[in-house]
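Below you'll find the structure, written out as structure tokens, and then a few comments.
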There are 2 protein chains.
Amino acid sequence: MAMVGAKLRALRQRRGLGMRELALRSGVSHSAISLIERERMSPSVDTLGAILAALGTTFSSFFADLESGLPSRPFYKAEELAEIGRADRISYRLVGMDYPNRRMLMLAERYAPGAETELMITHNAEEAGIVTRGAVEVTVEGRSQVLRQGDAYYFDSRLPHSFRNVDPGVSEIVSAITPPTY
Amino acid sequence: MAMVGAKLRALRQRRGLGMRELALRSGVSHSAISLIERERMSPSVDTLGAILAALGTTFSSFFADLESGLPSRPFYKAEELAEIGRADRISYRLVGMDYPNRRMLMLAERYAPGAETELMITHNAEEAGIVTRGAVEVTVEGRSQVLRQGDAYYFDSRLPHSFRNVDPGVSEIVSAITPPTY
DNA sequence: CCCCGCTGTTCAGTATTCTCATCACCCCGG
DNA sequence: CCGGGGTGATGAGAATACTGAACAGCGGGG
């Protein structure tokens, strides 16, 4: 249960609004608002969006504020990094998964022999990395290069790009992407 | 219906995950994921949070990305500014309510005779403003000053502060607060 | 004192989300 | 040709979000 309730109540009271008044403006019933604020209910994204709009806020700044706490810890053991890829062909293991307000995705990437990514045309982000093992052919906007241990890359994620393991064994990359919506 | 579905699907596919695999990791059923991605269902905040965690993202960056579009328009007529206060005693009228990724709250504030705010101890933000009509006594950290037309203020919102209309008539302030979670 | 208007909470009923099982499709191997 | 293992979509039922109508408490005025 994400702790949106307390934050919402503070926001509403700061506006000097009662539950009924906010209900009227947002189109959400005052009883629902009561339940949400006391965290007895987790609102749907639609409902929360309606309430936030009536309060003059946006999802991103509401949650930015909510998640602005300090990280629980600074260190992560190799084996506890959270797998966010498929692990069999290409593994992406995430650093700082419980860092509430992280602004980048720091990844330990591991490519099985022959593994390659789709051609990705992603969004407004930047990514960089260093090959730490094996050999990876990186293609950005049609231009390819084979990177080996110590070689690196840095490009705008909006350019079409892909990765291919060209080493007979396993290849590894340490990379970072920002913002973390990779 | 906030358009989270398409963004979620793109994110999942970028990770090379099937719906079942993501369901396994997030604890949300694959059928729910299917419905959410096709926008036939608005997930609860809890459910969305579980999915985002499994994908290695946070609420704030997910929505920051979602709301990163351009504003629909640059101009707002005085009478269309959205009221986010109570209008009777103190009115807060918002500029740019449909600006998807606004990073500040620009307000036209209007104080009825005798109106005053509670003592507010808010959060990590900065606010500034200029009095455009009447006279307002602003108190920050115990220090008070009466500001008249053209006078201004700028302080850290974490300091306890309050506003009081000391003019016999209506007073007005144009203010800005950042971030917009006022 | 009662009554009004305000506050937020609670409860019964309805609508929606969500789960689990099934279904349909596609590709690969035999 | 028929499995097997993968994909995502669907449908019935259980769980939960949500509504609208009470209810209880508080402060002010007659």
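Every value quoted in this text rests on a predicted model; they were computed, and no experiment measured them. Residue numbers begin at 1 in each chain, while the letters A, B, ... track the order of the sequences. In what follows, every heavy atom counts, from backbone to side chain, and hydrogens, waters and symmetry copies are set aside.
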Ring pair (Phe, Tyr, Trp, His ring centres under 6.0 Å) involving A:F155 - partner list, sequence neighbours excluded: A:Y153, A:H161

Distance, rounded to the nearest Å, where B:E37 contributes CD and D:dG8 contributes P: 8 Å

Option from B:L66, B:L48, B:T57 for which side chain to side chain contact (heavy atoms under 4.5 Å, CB included) with B:L8 holds: B:L48

N/O (side chain, A:R38) to phosphate O (OP1/OP2, C:dT10) under 4.0 Å: yes

Any residue meeting side-chain contact (heavy atoms from CB on, under 4.5 Å) with A:V166, in chain and number order, not counting sequence neighbours: A:A135, A:E137, A:V146, A:R164

C:dC18 phosphate, OP1 or OP2, under 4.0 Å from B:R40 side-chain N/O: no

Between C:dT9 (C1') and A:L22 (CG): distance, integer Å: 16 Å

B:R86, B:E83, B:E172 screened by side-chain hydrogen bond (donor to acceptor under 3.5 Å, both in side chains) with B:S91, the one that passes: B:E83

Whole angstrom value for the distance that separates P of D:dG6 from CZ of A:R89: 15 Å

Interatomic distance where CD belongs to A:E39 and C1' belongs to D:dT16 [whole Å]: 16 Å

Length of the line joining B:I36:CD1 and C:dC18:P, which is rounded to integer Å: 6 Å

Touch class at under 4.0 angstrom, heavy-atom based, for A:S34 against every strand present: base

Pairing residues for A:F63 by the ring pair (Phe, Tyr, Trp, His ring centres under 6.0 Å) criterion, not counting sequence neighbours: B:F59, B:F63

5' priority, DNA chain C, between B:V28 and A:R9 [closest heavy atom]: A:R9

Between C:dG8 (C1') and A:L35 (CG): distance, integer Å: 11 Å

Among D:dC18, D:dA9, C:dT19, the one nearest B:M19 by side-chain distance: D:dA9

Rounded interatomic separation in angstrom, taking CD1 from A:I51 and C1' from D:dA17: 12 Å

Check: B:V174 and B:M106 side chains under 4.5 Å, non-hydrogen atoms: yes

Donor-acceptor pair between A:Y76 and A:D98 side chains, under 3.5 angstrom: yes

B:T47 side-chain N/O to C:dC18 phosphate OP1/OP2 under 4.0 Å: yes

Side chain A:N165, main chain A:Y111, donor-acceptor under 3.5 Å: yes

Proximal nucleotide (of C:dT17, C:dT9, C:dC20) relative to the B:S31 side chain: C:dC20

Closest nucleotide among D:dG8, C:dG8, C:dT9 to the A:R12 side chain: C:dG8

Report, one pair per line, the protein and nucleotides 23-27 of chain D atoms (nitrogen or oxygen only) whose separation is under 3.5 Å.
none

Sugar-phosphate, base or nothing in reach of B:S44, heavy atoms under 4.0 Å: sugar-phosphate

Net bend of the helix from C:dC1-D:dG30 to C:dG30-D:dC1, end axes of five pairs each, nearest 10 degrees: 10°

Rounded interatomic separation in angstrom, taking NE2 from B:H30 and P from C:dC23: 13 Å

Qualifying salt bridge (charged side-chain N to carboxylate O under 4.0 Å, His left out) pairs with a residue from residues 24-36 of chain A, counting only residues at least two apart or across chains: A:E21-A:R25

Proximal nucleotide (of D:dC18, C:dC18, C:dG8) relative to the B:M41 side chain: C:dC18

Donor-acceptor under 3.5 Å (B:R15 side chain, B:L55 main chain): yes

